[in-house]
Amino acid sequence: MDSSWTTSRRAFAEAADWFVATTALVDGRWAQPGLGEWDVRSLVGHTSRALLTVEAYLQRPADRVDLESAVAYYRATSAMAAGPEVAERGRAAGEALGADPAPAVAAIRARVVPLVDSCDGTELVTTIAGGMRLSDYLPTRTFELVAHTADLTAALGVRSEPPAVAAEQVLELVGRLAVVGTKAAQLLRAATGREGLPPGFTVL
């Protein structure tokens with residue numbers, strides 16, 4: 001099996017486990033502020049979609065590759081990500097988790113991670129932006145899991161770091177996005193303590 005695919009599967013599983021463990025710490029605080037217009041329940045709902053879309057897209061095989069990389073996916077979906085539909089889908093996903101969201105999240109993880117482990121990465125899936133190889137799409141889901149679990153730790157006031165393999169893959173993707181978006185120098189200067197980042201800075 002391709003070692004890069006093995007690493008991607010491990011990163012995804014680590015990120016999913018971190019999300020499940022952090023969600024278990026909510027302890028009834030579902031209605032408190034989460035991120036932007038989302039409360040904690042909606043933030044958890046949105047993050048759960050990083051798992052659920054993998055499951056759903058594997059049931060929608062593509063007949064061609066439209067996007068060759070995770071970077072291409074984020075470039076193609078940047079306008080969609082800013083739309084009001086994203087916030088509404090997050091709220092709907094949060095409600096769909098039911099009266100006890102933490103076990104519901106754990107159950108989703110228990111379905112999806114073994115499903116990914118049964119794949120070899122060459123599967124073609126139909127994403128919202130077009131056909132992709134699963135091996136190229138999965139790092140975007142790890143990115144979403146890590147980024148939004150970090151948002152959840154901030155909302156809950158929990159000090160927690162993402163697992164190493166997941167963090168490395170996500171930061172590698174951040175670096176690639178910064179290069180493509182001509183923001184590498186700005187990000188590097190901030191990361192090395194030269195200057196801070198401006199409000200609203202993003203590589204997405």
Side-chain angles (χ1 to χ4, degrees), residues 1-22 46-78 80-81 105-106 108-153 160-188 190-192 202-204:
M1 182 174 288
D2 186 339
S3 61
S4 63
W5 174 239
T6 300
T7 299
S8 284
R9 288 191 297 112
R10 181 177 172 188
F12 180 71
E14 284 188 355
D17 288 344
W18 189 43
F19 173 46
V20 169
T22 305
H46 175 78
T47 309
S48 73
R49 285 179 47 78
L51 296 163
L52 291 169
T53 54
V54 174
E55 184 177 51
Y57 291 169
L58 279 167
Q59 298 174 22
R60 293 163 45 188
D63 56 11
R64 69 175 188 271
V65 173
D66 298 305
L67 302 170
E68 293 279 357
S69 68
V71 170
Y73 173 87
Y74 276 111
R75 300 283 285 183
T77 59
S78 60
M80 299 180 209
V105 165
I108 294 169
R109 181 264 176 230
R111 288 198 318 267
V112 177
V113 171
L115 177 62
V116 169
D117 286 341
S118 72
C119 297
D120 64 15
T122 63
E123 295 82 0
L124 298 186
V125 298
T126 302
T127 76
I128 57 172
M132 294 184 72
R133 296 178 189 89
L134 180 61
S135 60
D136 296 319
Y137 179 64
L138 195 66
T140 73
R141 302 307 88 195
T142 300
F143 184 102
E144 296 296 323
L145 284 166
V146 170
H148 289 306
T149 301
D151 292 329
L152 183 58
T153 65
S160 179
E161 288 289 315
V165 176
E168 287 174 8
Q169 186 173 77
V170 167
L171 290 173
E172 181 180 352
L173 179 52
V174 166
R176 290 177 179 173
L177 287 165
V179 170
V180 170
T182 64
K183 297 178 179 179
Q186 192 176 16
L187 181 59
L188 182 60
T192 53
T202 180
V203 298
L204 298 176

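Being a predicted model, the structure only gives us computed values, none of them experimental. Index from 1, following the sequence.
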Geometric class of the Y57/Y137 ring pair [parallel <30°, tilted 30-60°, perpendicular >60°]: tilted
Interatomic distance, E55 atom CD to R141 atom CZ [nearest 0.5 angstrom]: 14.0 Å
Side-chain heavy-atom pair L152, T47 within 4.5 angstrom cut-off: no
Approximate separation, where rounding is to 0.5 Å, of L124 CG and R60 CZ: 13.5 Å
Over all atoms of both residues, closest heavy-atom pair of G121 and R133: O-CB, 4.0 Å
Heavy-atom side-chain contact between L145 and L51 under 4.5 Å: yes
Atom of A167, atom of P162 and distance for their closest heavy-atom approach: CB-CG, 3.9 Å
Distance, nearest 0.5 Å, that separates OG1 of T149 from CG of D17: 10.5 Å
Expected output: side-chain Y74 to main-chain T140 donor-acceptor under 3.5 Å: yes
Min side-chain heavy-atom separation I128-T77 under 4.5 Å: yes
Residue pair W18 / S160, side-chain donor-acceptor N/O under 3.5 Å: yes
For T142, all residues meeting side-chain hydrogen bond (donor to acceptor under 3.5 Å, both in side chains), sequence neighbours excluded: none
For residues 169-184, which side-chain donor-acceptor pairs fall under 3.5 Å, sequence neighbours excluded?
{"residue": "Q169", "atom": "NE2", "partner": "S8", "partner atom": "OG", "Å": "2.9"}
{"residue": "E172", "atom": "OE2", "partner": "R176", "partner atom": "NH2", "Å": "2.6"}
{"residue": "K183", "atom": "NZ", "partner": "T202", "partner atom": "O", "Å": "2.6"}

Derivation and outcome, side chain to side chain contact (heavy atoms under 4.5 Å, CB included), residues V165 and T7: CA-CA 8 Å; V165 176; T7 299; 4.0 Å; yes
Closest non-hydrogen atom pair, R9 against C119: CD-O, 4.4 Å
Distance, nearest 0.5 Å, that separates CD of E123 from OG of S118: 7.5 Å
R109 and F19, any side-chain heavy atoms less than 4.5 Å apart: no
Short side-chain to backbone donor-acceptor contact, S135 and W5, under 3.5 Å: no
Minimum-distance pair of heavy atoms, taken over all atoms of E14 and P163: OE1-CB, 3.1 Å
Over all atoms of both residues, closest heavy-atom pair of A13 and V113: CB-CG1, 3.9 Å
Inter-residue atom distance T153.OG1 - H148.NE2, 0.5 Å rounding: 12.5 Å
Shortest non-hydrogen contact from A50 toward T53: O-OG1, 3.8 Å
All side-chain hydrogen bond (donor to acceptor under 3.5 Å, both in side chains) counterparts of T192, not counting sequence neighbours: R194
Gap separating the OG1 atom of T127 from the CG atom of L134, nearest 0.5 angstrom: 11.5 Å
